[in-house]
Amino acid sequence: MKAHTYHLWTIGCQMNEADAWRAAAMLEAAGYRPAGHARDAEFLLLGTCVVRQQAEDKILSRLKYVEELKRAEPSRTVALMGCFVGFRAGAEDGLRARFPYVDLFVPPSATGQLASWLAARAGGPAENAGACGGEPPPLPDSLAGGRTVRAHLPVVLGCSHACAYCIIPYRRGPERSRPAAEVLAEARALADRGVRELVLLGQIIDRYGLDLGPGAMLLPELLRNAAAIPGVRRVRFLTSHPNWITDDLLEAVADTPGLMPYFEIPVQAGSDAVLAAMRRGYTAARYEELVARIRARIPGAGISTDLIVGFPGETEAQFEESLALMRRVDPDMIRVAKYSPRPQTLSARTMPDDVPPEEKERRRVAIETQLRAMLEAKHAPRLGGTEEILVERIEPGGRRHGRTPDSIPVFVDGSDARPGDLIRTKTVWAGPFSFIAVPA
Ligand code: SAH
């Protein structure tokens with residue numbers, strides 16, 4: 001074990017990743033350096049996700065390993081952060097009893113607690129003392145892991161929608177937008193540190209500002225301002241709920257250079273009965289209309305969606321409505337999840353998890369198989385075409401990696417571009433999930 005080293009292990013969504021990344025940046029600001037492996041690190045930082053049971057299982061097995069490391073070297077510090085901890089005061093007490101070897105429990109987006117701990121350790125006053133749940137994470141002084149080109153910036157914390165299946169509101173607390181001035185100051189500071197692509201995050205990002213009172217800046221204006229920051233080449237935003245995408249937002253995406261034509265809009269199901277049971281607040285037809293409206297206003301826009309298979313009571317016919325809706329909507333990506341009952345949620349409390357695991361798996365595979373075929377067909381015409389790529393990193397062996405405006409990953413051979421450069425490429429292989437290209 002080396003003094004003043006840390007190791008970050010994190011799973012889950014971009015929001016979790018952003019929280020964990022900030023915590024790592026704070027440790028770096030306090031003089032810690034990354035250790036290549038957990039067993040060498042003095043400070044073990046774990047970012048956690050509980051959106052599905054599978055994620056929770058991963059945390060529990062990781063914690064077993066961490067317990068061994070702590071036992072071997074009790075002077076280590078173990079910090080557990082994110083949705084496994086949750087935002088409610090007192091949530092820690094139960095966790096402390098279960099995991100006595102964990103030193104520090106950090107609720108989602110509440111890196112202020114880590115700041116207090118670091119300040120106490122350094123013997124100084126705690127700058128962010130007591131910060132929790134609602135307070136924005138502090139701005140990192142240095143960036144962890146060399147991920148400087150693309151940064152995730154949480155702008156709406158928590159969620160108040162309460163979809164029947166979703167644990168996030170119980171762990172991240174109610175929805176609260178961060179003030180625009182604070183978000184934009186942080187965006188400028190990130191750009192000064194070399195960030196070229198900003199990804200603004202929220203569980204329902206398209207509700208940004210609606211909780212800040214009359215006259216508050218809303219998402220379209222926030223995005224325009226972010227895209228105008230010197231040094232910022234690209235801005236993205238996720239995740240959108242279908243009910244809150246406005247024409248103003250589409251206008252902003254259509255007419256703002258640097259604001260990428262890319263939307264993440266989870267649909268979750270193709271059957272209106274299932275959508276109603278999920279408490280999503282729209283019908284399949286409305287989702288289709290929305291996608292048509294986006295494509296009419298922004299030709300070539302990338303649309304990514306999430307889909308849950310095996311929600312309680314989902315019949316074979318209802319599942320087939322999901323398959324059919326996906327064929328009609330023809331999205332550019334689908335992230336499929338098998339339904340997993342989560343504590344406290346409406347569905348876990350009131351609806352039996354009655355689709356057998358092997359049937360959920362069959363439905364997942366059916367969606368994935370259809371998606372692959374759809375994307376192969378959709379991407380074929382882009383072979384030989386040109387794309388604009390923001391280079392994010394250099395792979396071992398020299399390949400450049402970046403994304404198209406509509407967020408397809410591209411690997412570029414024979415380029416000497418640096419991370420952060422915008423380059424034009426010619427596509428030499430157009431696969432379903434990524435492209436291979438050469439400089440154009
Ligand atoms: N507000 C975000 C939610 C993030 S959770 C959004 O709308 O995308 C990411 C995805 O996980 C959800 O879109 C959903 O498809 C999936 N998910 C959430 N809870 C789930 C559960 N209990 N079982 C299976 N998948 C779930």
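Excluded from the calculations below are hydrogen atoms, water molecules and symmetry mates; all remaining heavy atoms, backbone and side chain alike, are included. No experiment lies behind these values; they were computed from the predicted model shown. Along the sequence shown, the residues carry numbers beginning at 1.
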- prompt: Atom CZ of Arg335 and atom CD of Glu368: how far apart are they, to the nearest 0.5 Å?
  reply: 12.0 Å
statement: Value for CG (Leu219) from OG1 (Thr246), rounded to nearest 0.5 Å, stands at 7.5 Å
message: Ignoring hydrogens and geometry beyond distance, is a side-chain donor-acceptor pair present between Ser177 and Asp211 at under 3.5 Å?
response: yes
message: Whether Asp19 and Arg172 form a salt bridge (side-chain N of Lys/Arg under 4.0 Å from carboxylate O of Asp/Glu) is what I want to check.
response: yes
message: Please check this pair: side chain of Arg52 against backbone of Val50, looking for a donor-acceptor N/O pair closer than 3.5 Å.
response: no
message: Any heavy-atom pair between the side chains of Ser415 and Ile423 that's under 4.5 Å?
response: yes
task: Evaluate side-chain contact (heavy atoms from CB on, under 4.5 Å) for Leu184 paired with Leu222, printing each intermediate quantity in order.
output: CA-CA 8 Å; Leu184 292 170; Leu222 184 73; 4.1 Å; yes
- prompt: If only atom types and distance count, is the side chain of His161 paired as donor or acceptor with the main-chain N or O of Arg279 below 3.5 Å?
  reply: yes
Charged N-O contact under 4.0 Å between Arg233 and Glu388: no
- prompt: So, for Gly82 and Asn16, which heavy atoms are closest and what is the spacing to 0.1 Å?
  reply: CA-OD1, 3.9 Å
- prompt: Between the main-chain N or O of Leu390 and the side-chain N or O of Arg196, is there a donor-acceptor pair closer than 3.5 Å?
  reply: no
field: Distance, nearest 0.5 Å, that separates SG of Cys163 from NE2 of His241
entry: 5.5 Å
field: Gap between atom CE of Met26 and atom CG of Leu114 - 0.5 Å precision
entry: 4.0 Å
message: Donor-acceptor check, side chain of Glu314 to backbone of Gly310, threshold 3.5 angstrom: yes or no?
response: yes
Test item: Lys360 side-chain N/O and Tyr339 main-chain N/O as donor-acceptor pair under 3.5 Å: yes
query: Just wondering, are more than 12 heavy atoms of other shown residues or ligands nearer than 6.0 Å to NZ in Lys378?
result: yes
message: If we count only N and O atoms by modelled type, under 3.5 Å, do the side chains of Asn243 and Arg207 hold a donor and an acceptor together?
response: no
task: State, yes or no, whether a side-chain contact exists between Met351 and Phe311 at a heavy-atom distance under 4.5 Å.
output: yes
message: Please check: side-chain N/O of Asp332 versus main-chain N/O of Ile303, any donor-acceptor pairing under 3.5 Å?
response: yes
task: Using a strict cut-off of less than 4.0 Å between a Lys/Arg side-chain nitrogen and an Asp/Glu carboxylate oxygen, indicate whether Glu316 and Arg362 qualify as a salt bridge.
output: yes
- request: Any chance you could lay out the ring-ring contact (aromatic ring centres under 6.0 Å, His included) test for Phe263 and Phe237, step after step, and finish with the verdict?
  value: CA-CA 8 Å; Phe263 297 81; Phe237 57 98; 5.7 Å; yes
- prompt: Hey, what do you get for CG (Leu44) to CG (Leu80), rounding to the nearest 0.5 Å?
  reply: 11.0 Å
task: Indicate the atoms forming the closest heavy-atom contact of Pro312 with Pro352, along with that distance.
output: CB-O, 3.2 Å
message: Tell me whether Glu221 is salt-bridged to Arg224, with the criterion being a basic N under 4.0 Å from an acidic carboxylate O.
response: no
Ionic contact status for Glu56 with Arg342, cut-off 4.0 Å: yes
field: Nearest heavy-atom neighbours spanning Ala227 and Thr256
entry: CB-CG2, 3.8 Å
task: Compare all side-chain heavy atoms of Met333 with those of Leu371 and state whether any distance is below 4.5 angstrom.
output: yes
statement: In short, Arg400 meets Ala417 closest at the heavy-atom pair NE-O, 2.8 Å
Val410 vs Phe435 side-chain heavy atoms within contact, under 4.5 Å: yes
- prompt: Of all heavy-atom pairs between Pro266 and Thr239, which one has the smallest distance, and what is that distance?
  reply: CD-CG2, 3.2 Å
message: Between His401 (side chain only) and Glu392 (backbone N and O only), is there a donor and an acceptor less than 3.5 Å apart?
response: no
field: Any donor-acceptor N/O pair, Thr111 side chain to Ala23 backbone, under 3.5 Å
entry: no
task: Would you please indicate yes or no on a ring centroid separation below 6.0 angstrom for Phe87 and Tyr170?
output: no
task: Show the numbers, then the answer: is there a side-chain contact (heavy atoms from CB on, under 4.5 Å) between Leu63 and Phe84?
output: CA-CA 12 Å; Leu63 277 169; Phe84 189 69; 4.3 Å; yes
field: Separation between CZ of Arg293 and CD1 of Ile298, rounded to the nearest 0.5 Å
entry: 10.0 Å
message: Is the ring pair Phe43/Trp117 parallel, tilted or perpendicular, if the boundaries are 30 and 60 degrees?
response: perpendicular
- prompt: Quick one: does Ser271's side chain have a donor or acceptor within less than 3.5 Å of a partner on Val274's backbone?
  reply: yes
- prompt: Has Trp244 got more than 12 heavy atoms of other residues, nucleotides or ligands less than 6.0 Å from its CH2?
  reply: no
task: Using atom types as modelled and distance alone, determine if a side-chain donor or acceptor of Thr427 lies under 3.5 Å from a backbone N or O of Leu383.
output: no
